[in-house]
Structures are given as C-alpha cells and as structure tokens.
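All of these numbers come straight from a predicted model, not from anything done at the bench. Protein chains get the first letters and strands the later ones, always in sequence-line order, with residue 1 at the start of each.
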Amino acid sequence: MTARTPRAARPRPYVDRAVGVGGAVQPVAIRIALWVSVQLLVAGIVVLGGGAATSQPINAAAGWWMVYAGLIDVATLGVIIWLIRRDGVSYRSLLGPPAAAWQVALGALGVLAATVPAVVFGIEINEAFYGNATLPMFAVVDVPAWASFFSVLVAPVLAELAEPVLYLGVVLPRLERRIGRPWIAATIVVLVWAGEHAFFPLLIRDGSLDLVFAGYRVVSVLPFLASWTALYYALGRRLLPIMAARWIFNGGSALALAVGLTG
Amino acid sequence: MQSVILYRLTYLATALSLAHHVDHVIRHNAVGWPLTGEFNAFTMSLIIYPIIITGLLLYRAGRVGPGFWALVSGGGAIFVGAIHFGPSAAEPPAKILDGYDSPILGWLAFALLATFVTVLAITSLYETRVWWQQRQARRVVGSTTDPQMRR
C-alpha cells in the first residue's frame with residue numbers, strides 16, 4: 001500500500017464541506033424563534049387550563065423552561081440532521097476525530113479544570129446582579145415531580161446532543177469557511193450563542209420584559225462559551241469531551257434545583 | 001517539529017502574566033519583593049519569566065518539547081488558580097474587585113485574571129495533546145524501524 005492510498009480514502013473534514021452562511025443562520029434563527037413561541041404557547045396553555053389565577057402567565061410558563069428546552073433541542077437535532085444530510089456527512093463526523101472512552105473522560109476532566117475560572121467569574125457576576133438571592137431562572141421553576149425527573153435525566157442529554165453540536169459542529173465551520181479567519185468566526189459564534197441565552201426564559205417584571213435579566217443571561221454565559229469554544233480548538237476539534245463536561249454542569253444544575261440545593 | 005501555535009500561546013500567556021503583575025503593582029496589594037521587603041507568592045511568581053525565556057531558547061534548540069510547556073502552563077494554571085480561586089486563596093476575587101476606586105477597573109482586572117488562568121489551562125491541554133500526538137507518531141516510526149519487527 002502506498003502512502004497516498006489512505007490519504008485519498010480519508011473523508012474531508014466538515015469544515016471543507018460546510019458551505020453557505022444560510023445553513024448557519026437558519027438553525028440559530030429557528031432556535032430563537034422556538035424559545036419565544038414555545039414559551040408563549042405554554043403561557044397560552046396556562047391561561048386556557050384555568051390559570052386565570054396566575055397573575056403573569058409568561059412567568060408561569062417560564063417555570064417550565066427546563067422541560068420545554070428538551071423539545072427545542074429535539075427540533076434542533078432535526079434541523080442538524082436535515083442540514084448534514086444535504087451536505088452528505090454523518091452526525092458522528094461533527095463530533096470530531098475518533099477517541100477512546102478514557103480519552104474522552106480525561107479530556108472532559110481537562111475541560112472541567114479549564115472551566116474553573118469561568119465558574120469563579122460566573123459566581124461574581126451572579127452576586128453583582130442578584131446578591132445572594134436565588135437566580136431568577138431557577139427561582140421561577142415550579143414543576144411537578146415527573147417534569148423534574150425529565151429536566152434532570154433527559155433534557156441535559158438532549159441539550160448536549162443539540163446545542164454544542166449546532167454551534168461548534170455546524171455553525172462554526174460554515175462561518176470559518178465564509179470569513180476565512182477562525183478567530184473572527186469563533187468570536188461571532190460565542191456572541192450569538194450567548195445572545196440566544198437572552199431568550200430562555202423570558203421574564204416579565206413590573207409589567208414589561210425583564211431586560212436586566214436578559215442581559216445577565218448573556219453576560220453570565222459568555223466566559224463559559226468562550227472557554228468551551230477555545231477548548232474545542234485546543235482539543236483538535238473534538239466535541240465529545242466538551243459535551244461530557246457540559247452535561248455534568250447542566251445536569252448537575254438541574255439536579256441541584258430538583259433536590260432544592262439552589263438558593 | 002516546532003509549533004507556531006505553541007509559540008503564539010506562550011507569547012499570549014506571557015503578555016497576560018505581565019499584565020497581571022502590572023495590575024498587582026498598580027493596586028499595590030499582595031505584592032512582595034522587590035517592591036516590598038516581604039517574600040511571598042508575588043515574589044515566587046516572578047520566577048516564571050526566566051523559566052519562559054530559558055524554555056523558549058531550549059525549545060528553539062530542540063532540547064525540550066510540548067511536554068515541557070504542558071507542565072509549565074499547567075503548573076502556572078494551578079499556582080495562579082490556587083492563589084486566587086482556591087479554598088484558602090491568598091488573594092480572592094473580592095480583593096481584586098475592590099482593589100480599585102472604579103468598579104469598572106476592578107472588573108477589568110478580574111476579567112484579565114480569569115482570562116489569564118483560562119488561557120494557561122487551555123494552553124496546557126493543547127500542549128498535552130501535541131505531546132501525546134508526537135509520542136504516538138514516534139512510536140509508529142519506532143515500530144516500523146525496529147529490527148525485530150522487520151525480521
């Protein structure tokens with residue numbers, strides 16, 4: 001076998017195949033539209049279901065955000081699969097080069113360690129905005145046991161299969177190809193990804209949209225998203241360690257909330 | 001084989017380290033020799049500059065590789081992280097946030113510190129990956145040139 005044969009057989013990375021910024025804008029726009037419309041739909045159900053006593057149906061609907069997040073992630077997965085089928089690549093190829101389970105676990109530990117400064121920064125931001133009070137996105141959550149179960153066991157897994165894969169596996173390569181400078185593409189991805197967080201959940205305070213909370217959501221996730229995007233490059237475009245570490249963060253937060261450890 | 005990215009990350013981490021030391025000097029808290037007579041973590045941290053200069057010369061000469069830099073970056077991340085974010089931190093975030101009259105400057109200094117530690121940790125992971133890949137490549141080359149294997 002000559003040295004050329006394996007190189008010719010090697011599939012091109014997705015960054016070489018992902019073309020068209022439309023494929024980057026569409027799924028992000030769909031996610032944002034879904035966050036808003038699903039919350040409004042749940043608010044409508046609250047009103048129709050005899051929630052007349054509820055003074056603010058939008059905030060009552062926000063109480064379910066960790067549950068309906070699962071629906072939005074399933075829809076995102078559908079959009080990802082539709083896009084990659086069009087480009088002729090597999091979902092697995094979006095997750096980066098193959099790695100053994102121990103390598104993924106070790107990488108996840110590294111990601112957790114490298115995220116410590118973002119955690120410390122996040123704690124200070126939380127205190128600057130809300131002092132020692134429970135954060136609004138957790139304080140608003142009020143769901144039955146089965147929904148808590150779903151938000152602890154199912155939603156965090158769906159989130160990892162959809163969110164980082166969309167932004168780092170699908171959107172980033174398209175922007176890299178279009179812009180030509182990975183650091184600019186990465187900066188745009190981090191800012192848009194953080195911006196999406198302003199929409200979940202939407203809260204009403206004093207009769208109007210709580211823009212301070214929306215701003216807080218964006219600022220508080222920025223250090224995490226910047227760290228994870230940089231780690232994506234540092235780990236040779238491997239997503240699995242980042243997904244595993246994020247699952248521990250998000251699943252841990254949902255579990256802490258379900259068992260009443262937040263506040 | 002030398003990595004351009006490794007050089008760039010080392011220069012970035014060095015620049016952030018210098019900026020953090022300048023921040024200490026401006027705030028004038030948690031500083032030690034040569035600015036005061038005290039020997040403390042600030043004094044010890046200055047050793048990093050001779051290590052970086054020596055490391056760069058040795059790396060250029062091919063005497064050290066990414067494994068050396070992974071230890072330097074990782075050690076730096078643990079040292080700076082423990083001093084500022086650890087359970088018994090000598091200089092916790094509050095000292096930096098309240099170190100300036102202007103809250104904006106305090107937040108900028110704190111953001112600089114968080115970025116610095118993050119860059120060190122990410123750089124260490126990158127260097128570990130490059131070290132591992134080079135090690136694997138050497139193994140493959142070694143096994144194909146091993147006389148017992150060829151027999």
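If you tally non-hydrogen atom pairs under 4.5 Å between each of B:Ser124, B:Ala121, B:Ala111 and chain A, the highest count goes to B:Ala111. No other option in B:Thr118, B:Leu9, B:Thr115 has as many heavy-atom pairs under 4.5 Å with chain A as B:Thr118.
In this structure, chain B has heavy atoms under 4.5 Å from both the backbone and the side chain of A:Ile125. Using a 4.5 Å cut-off between heavy atoms, A:Val119 does not touch chain B at all. If you measure heavy-atom distances from A:Glu127 to chain B, you find no contacts under 4.5 Å at all.
For B:Ile5, the CD1 atom is loosely surrounded, since the number of other residues' heavy atoms within 6.0 Å does not exceed 12. More than 12 heavy atoms of other residues, nucleotides or ligands lie within 6.0 Å of CZ in A:Arg92, so this atom counts as buried by the packing criterion. At most 12 heavy atoms of other shown residues, nucleotides or ligands fall within 6.0 angstrom of atom CH2 in A:Trp247.
Between the CZ atom in A:Phe121 and the CZ atom in B:Phe85 there is a gap of 9.5 Å [rounded to 0.5 Å].
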For A:Val116 and B:Val117: C-alpha separation, side-chain torsions, deciding distance, then whether side chain to side chain contact (heavy atoms under 4.5 Å, CB included) applies.
CA-CA 9 Å; A:Val116 168; B:Val117 182; over 6 Å; no
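Nearest heavy atom pair, residue B:Trp107 against residue A:Ala128, reads CZ2-CB, 3.7 Å. Scanning all heavy atoms of the two residues, the minimum distance from B:Ala114 to A:Pro117 falls at O-CB, 3.5 Å. Contact detail for A:Gly236 and B:Arg129: the closest heavy-atom pair is N-NE, 3.2 Å. Counting all heavy atoms, side chain and backbone alike, B:Ile122 lies closest to A:Ala114 at CG1-CB, 4.3 Å.
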